[in-house]
Amino acid sequence: MAQDDDPTRNSAPDLQILGDQITLQPRSYVETRRHDEPLMHNMARFRSEPLQFLREVSLYVSGTGWRAYDNVIGQPIFFTGFSEQMKNAVVSAPLLQTRISHLADKRLEIEEKEGWLNKDDKDFVTKKAHRRAIIESGIQEVAEKMTNDMICKFESKTFIRGAYYLVTQLLTRAYHQGIHVSSEEVLRLRKVAEMAEKNKQSIIFLPSHRSHVDYVSMQLICYRLGLALPVVVAGDNLNFPVVGSFLQHAGAMWIRRSFGNDTLYTTLVQTYIDTLLQGGYNFECFIEGGRSRTGKLLSPKFGILSFILDSLLSNRVKDAIICPVSCQYDKVIETEGYVTELLGVPKKKENLADFLSGGSSVLSLRLGRVDVRFHEPWSLRQYIDEQLTKLTKSPGTLRLDVKSPESAAIKQKLLRTMGYKVLSDINDVSVVMPTALIGTVLLTLRGRGVGRSELMRRIEWLIGRVRAKKGGRVAHFGNAPLSDVVGRGLDVLGKDLVGVVQGLAEPTYYAVDRFQLSFYRNMTIHLFISEALVSASIYCRVKLGGGPAHQDISYNTLRDQVLFLSSLFRGEFIFPGEGLAVNLEKTLVGLEEDRVLDLKRDEQGSILSIGLADEERAAGRENYDFYCFLIWPFIESSWLAAVSLMGLTPPVGQRDDIWIEVAKAQKTAQLLGKTLYHQGDLSYFEAVNKETLKNSYQRFEEEGIIHVVKSKDSKVPPRLRIASDWMPSRDSTKAGVLQPSGKLWNFIERIASSRREGKNRRDGATVSGRVLRLTDQLGAKLFEETTSPESKADTKLSDDETTNVKKAVMAERRRRRLEGRAHL
């Protein structure tokens with residue numbers, strides 16, 4: 001791309017944080033690739049120059065210059081007694097004390113009913129008061145221990161100085177090009193931090209989450225730039241010996257992965273968050289909950305977000321500053337493990353041995369750089385006030401601190417809109433790394449491989465498309481030769497992901513591990529999701545073949561299919577907020593300007609029909625295919641999930657009130673997908689990934705296609721069955737063969753209309769024959785295992801569970817009516 005066409009040419013320079021050094025790098029700078037990084041040389045000096053090495057360490061421990069971490073912007077942290085002060089503030093908070101008193105009352109009621117306390121006793125009042133004091137003391141003791149285990153312990157500056165040095169050296173051994181941030185964003189963040197310190201307000205960092213390196217990078221950046229370190233919400237699965245204590249003293253607060261019905265623990269978490277926000281301490285949690293195993297942003301998780309929102313809605317906290325953060329990588333350390341998990345292998349519990357062996361294995365890697373971008377921070381109080389004005393006619397009289405169906409509904413809407421706004425903000429500041437460009441191009445081309453010149457041409461085209469999008473950013477390499485950019489990305493991805501065939505007319509590259517490479521492709525899909533949905537919707541006509549006129553699609557038909565796919569992927573992607581009609585119009589006009597589509601209009605300018613442009617046909621449909629290839633794996637996965645539901649039809653002679661464990665149903669869907677892939681009826685192996693299938697099942701539950709019951713007993717796993725009005729039928733004259741008809745089958749066919757053609761592309765009988773038989777066989781086996789005497793699964797619901805399912809179904813229907821959103 002010509003320099004004059006590069007919109008980032010005159011933008012603010014990046015800062016590269018590499019060990020002790022902060023280097024200013026203009027957007028057009030590309031580091032020359034060297035075999036011997038200076039950092040590697042410095043790290044090796046422990047053997048050759050031990051005295052010099054120890055001198056460097058002493059600079060950190062003693063706190064020389066910026067390393068002292070004395071004049072930080074934010075509230076005072078890292079002093080002796082910080083933990084005790086925080087613990088006392090939490091356990092003495094009125095909210096927690098009220099909960100302790102309430103729990104003591106409930107316990108006393110039980111003891112009175114069971115006869116432990118006799119109301120006729122003349123000393124009843126005295127004994128009851130004495131018993132209350134004992135119960136409250138016991139609960140208080142439990143609360144104090146929970147608090148001590150939970151809170152982060154900013155106790156020692158000597159510790160954090162040494163920790164910074166240690167972690168920096170380890171991280172930059174793996175990510176040898178350091179951490180990159182925008183100088184403009186950093187200066188803005190420092191100004192916001194100074195104002196927040198003055199007002200005693202917390203900055204709540206909400207980063208994307210693809211790797212454990214995310215929170216490490218955030219702490220390093222804050223330390224190096226002189227900002228108060230945030231308290232980071234972390235799952236207690238990482239709280240194992242040695243490492244757990246280290247992380248807790250560096251900023252981690254430990255929470256359980258599930259709170260269950262433990263009201264004391266829930267109140268304790270709320271109280272600790274209140275205390276942090278009241279004190280103006282910086283805070284960090286991951287909006288997606290866990291790490292994304294697929295490369296794209298996950299749907300927001302509302303657990304910690306609801307605590308933060310409750311702090312402000314109850315007026316226990318006046319205001320806080322929200323700062324969405326994007327963390328991007330040339331290469332993510334954990335992707336190989338992610339693939340294993342997505343294919344159904346259970347995740348191993350974290351432990352010290354794996355941590356040490358895993359850590360040592362990455363120290364010799366050269367994974368490029370970490371890129372961290374900060375969205376413009378915004379006031380949470382101001383956002384809440386703006387939303388309440390939209391959601392209710394009289395926000396001033398609304399009492400959100402009082403429990404009621406109205407306040408609960410408004411809180412839920414606030415949470416949803418806030419969660420998706422944060423995700424949208426993260427997408428807006430995300431940069432596309434060279435490895436994501438390469439992965440995207442390799443997985444959106446037809447054929448086995450691509451020559452080097454064609455690879456670079458398509459990458460150049462993709463760079464242009466990214467930069468043309470609102471908020472689209474590409475990692476800086478402005479004036480560098482494209483060959484250097486491609487070479488750098490290929491080096492980082494390595495031969496295990498991208499192979500090269502030498503000895504041909506030109507080097508030819510191909511995807512070795514398409515599943516793992518899809519992680520990097522998914523880092524770009526949010527930029528083109530609208531184009532992808534439109535292209536896949538048009539494909540239902542294109543796949544029929546015939547002349548260009550025969551492949552045109554009417555506007556109304558296209559709109560209906562785009563609406564269907566948008567609703568289907570509501571939990572997968574973040575869509576523009578202008579609404580379907582406006583977004584569809586913008587997308588079609590954009591594709592028309594790019595000469596991908598040709599739009600036919602009436603005299604008033606309204607779009608009548610859409611077809612592929614002549615220029616696009618002449619170019620071999622390469623740009624249109626690009627958009628289709630982005631979304632096809634997800635369409636395939638949704639189709640697979642829907643087909644697997646056919647197997648949940650009770651076999652002939654089996655009771656129709658059997659409930660199947662959700663995890664087993666999804667595992668069977670994976671097995672079905674793997675079989676179909678190897679038999680040629682599934683085009684994408686990544687379609688069998690556990691996360692996308694799980695998201696599809698979640699959407700099916702939301703739409704009432706399946707009912708899911710979750711027991712109060714944590715030992716009883718969630719169970720499901722098909723809703724009666726979606727239940728497929730069997731042919732009574734053919735030994736109960738599943739029929740390719742009915743509401744569910746029509747739904748499957750609707751998804752399949754936008755699915756990529758396979759080896760049996762014109763043979764609809766294949767799906768209704770072989771695929772359906774295989775699905776039924778696997779389903780019959782699942783029912784057999786569930787109802788066998790050896791099975792411990794609860795196949796029937798209790799009366800309470802039946803009532804809860806009915807209530808949940810009614811509540812979901814009411815929610816859909818209130819939201820007025822399209823449904824499947």
Side-chain angles (χ1 to χ4, degrees), residues 208-210 288 291-300 326-329 332 335 338-339 342 420 423-445 458-459 461-475 511 514-537 539 562 565-576 583 587 590-591 596 622-638 683-687 689 691-693 695-696 699 754-756:
S208 57
H209 199 17
R210 291 187 173 93
E288 302 163 90
R291 290 170 292 162
S292 170
R293 268 72 171 168
T294 60
K296 66 179 185 61
L297 286 180
L298 305 176
S299 298
S326 166
C327 298
Q328 300 286 346
Y329 299 83
V332 173
T335 48
Y338 290 165
V339 171
L342 291 175
Y420 281 99
L423 292 183
S424 180
D425 288 350
I426 290 172
N427 276 337
D428 285 347
V429 295
S430 295
V431 298
V432 179
M433 308 300 281
T435 48
L437 294 170
I438 294 170
T440 301
V441 168
L442 285 175
L443 295 184
T444 53
L445 291 172
R458 291 302 294 173
I459 287 176
W461 174 84
L462 182 54
I463 290 169
R465 298 312 309 141
V466 170
R467 287 177 173 163
K469 301 292 288 186
K470 182 183 177 182
R473 303 182 184 187
V474 180
R514 300 182 71 90
F515 204 123
Q516 193 173 162
L517 204 57
S518 69
F519 183 93
Y520 300 94
R521 179 210 58 209
N522 288 344
M523 291 180 177
T524 65
I525 193 170
H526 66 278
L527 293 167
F528 307 108
I529 185 59
S530 297
E531 290 84 351
L533 290 177
V534 166
S535 298
S537 298
Y539 186 71
V562 170
L565 293 178
S566 300
S567 182
L568 183 66
F569 295 124
R570 189 182 297 160
E572 282 285 357
F573 303 108
I574 315 302
F575 298 110
N583 185 43
T587 304
L591 290 171
V596 175
E622 62 178 4
N623 297 336
Y624 171 76
D625 283 353
F626 167 83
Y627 297 124
C628 288
F629 274 112
L630 283 176
I631 195 68
W632 271 337
F634 294 93
I635 292 176
E636 189 110 292
S637 191
S638 291
S683 299
Y684 298 96
F685 192 54
E686 65 193 86
N689 94 68
E691 286 299 319
T692 311
L693 286 172
N695 289 342
S696 295
R699 283 295 294 122
S754 289
R755 184 173 166 242
R756 184 187 179 187

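What you see is a predicted model; the values in this text were computed from it and never measured.
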Return the set of residues passing ring-ring contact (aromatic ring centres under 6.0 Å, His included) with Phe575 (not counting sequence neighbours), or none when no residue passes.
none
When you check the side-chain N and O atoms of Ser430 and Ser326, is any donor under 3.5 Å from an acceptor?
yes
Taking side chain as C-beta onward, heavy atoms only, is Phe569 less than 4.5 Å from Ser638?
yes
Side-chain touch Ser299/Glu288, heavy atoms, less than 4.5 angstrom
no
Applying side chain to side chain contact (heavy atoms under 4.5 Å, CB included) to Arg521 and Glu686, what does each step give before you reach the verdict?
CA-CA 12 Å; Arg521 179 210 58 209; Glu686 65 193 86; 2.6 Å; yes
Examine the side chains of Thr335 and Gln516 and answer whether a donor and an acceptor come within less than 3.5 Å of each other.
yes
Go through Arg465 and Glu531 one step at a time and tell me if the salt bridge (charged side-chain N to carboxylate O under 4.0 Å, His left out) criterion holds.
CA-CA 11 Å; Arg465 298 312 309 141; Glu531 290 84 351; 5.5 Å; no
Excluding sequence neighbours, so at least two apart, what forms ring-ring contact (aromatic ring centres under 6.0 Å, His included) with His209?
Phe286
Please lay out, stage by stage, how Phe629 and Tyr684 fare under the test side chain to side chain contact (heavy atoms under 4.5 Å, CB included).
CA-CA 10 Å; Phe629 274 112; Tyr684 298 96; 3.3 Å; yes
Would you call the rings of Tyr539 and Trp632 parallel, tilted or perpendicular, where under 30° means parallel and over 60° means perpendicular?
perpendicular
Does one side chain, of Asn583 or Ser530, offer a donor that lies under 3.5 Å from an acceptor on the other?
yes
May I ask you to test the Thr444-Leu630 pair for a side-chain heavy-atom distance under 4.5 Å?
yes
Do Met433 and Tyr520 come close enough that some side-chain heavy atom pair is under 4.5 Å?
no
State the OG-CD distance between Ser566 and Glu572, to the nearest 0.5 angstrom.
13.0 Å
Please report the C-alpha distance between Ile525 and Phe634 in whole Å, then the side-chain angles of each, then the deciding distance to 0.1 Å, and finally whether the side chain to side chain contact (heavy atoms under 4.5 Å, CB included) criterion is met.
CA-CA 11 Å; Ile525 193 170; Phe634 294 93; 3.6 Å; yes
Within this structure, what is the OG-CG distance for the pair Ser208 and Asp425, rounded to the nearest 0.5 Å?
12.5 Å
To the nearest 0.5 Å, how far apart are CG in Leu462 and CG in Asn623?
10.5 Å
Using the side chain to side chain contact (heavy atoms under 4.5 Å, CB included) rule, pick out the option among Thr435, Thr440, Leu442 that qualifies with Ile438.
Leu442
Salt bridge or not between Arg755 and Glu636? Use side-chain N to carboxylate O under 4.0 Å.
yes
Could you tell me which non-hydrogen atom of Ala475 sits nearest to which non-hydrogen atom of Val431, and how far apart they are?
N-CB, 4.2 Å
Taking the side chain as every heavy atom from C-beta outward, state whether Arg514 and Leu443 have any pair of such atoms under 4.5 Å apart.
yes
Supply the atom-to-atom distance Ser754 OG to Leu533 CG, rounded to the nearest 0.5 angstrom.
9.0 Å
Ion pair present between Lys296 and Glu691, side-chain N to carboxylate O less than 4.0 angstrom?
no
Side chains of Ser567 and Arg699: is there a donor and an acceptor less than 3.5 Å apart?
yes
Mind checking the CG-CE spacing from Leu437 to Met523? Nearest 0.5 Å is all I need.
11.0 Å
Sub-4.5 Å side-chain heavy-atom contact between Leu297 and Phe573:
no
Which atom names give the shortest non-hydrogen contact between Ala536 and Leu565, and what distance separates them?
CB-CD1, 4.2 Å
Pairwise distance OG(Ser292) to CG(Asn522) - rounded to 0.5 angstrom
8.0 Å
Excluding sequence neighbours, so at least two apart, what forms salt bridge (charged side-chain N to carboxylate O under 4.0 Å, His left out) with Arg210?
none
Parallel, tilted or perpendicular: rings of Tyr627 and Phe528 (30°, 60°)
tilted
Is there a side-chain contact between Thr524 and Val466 (heavy atoms, below 4.5 Å)?
no
Side-chain donor-acceptor pair under 3.5 Å between Asn695 and Thr692, yes or no?
no
Taking 4.0 angstrom as the limit, do Glu622 and Arg458 come out as a salt bridge?
yes
Quick one, Ser535 and Ile631 - any side-chain contact, counting heavy atoms below 4.5 Å?
no
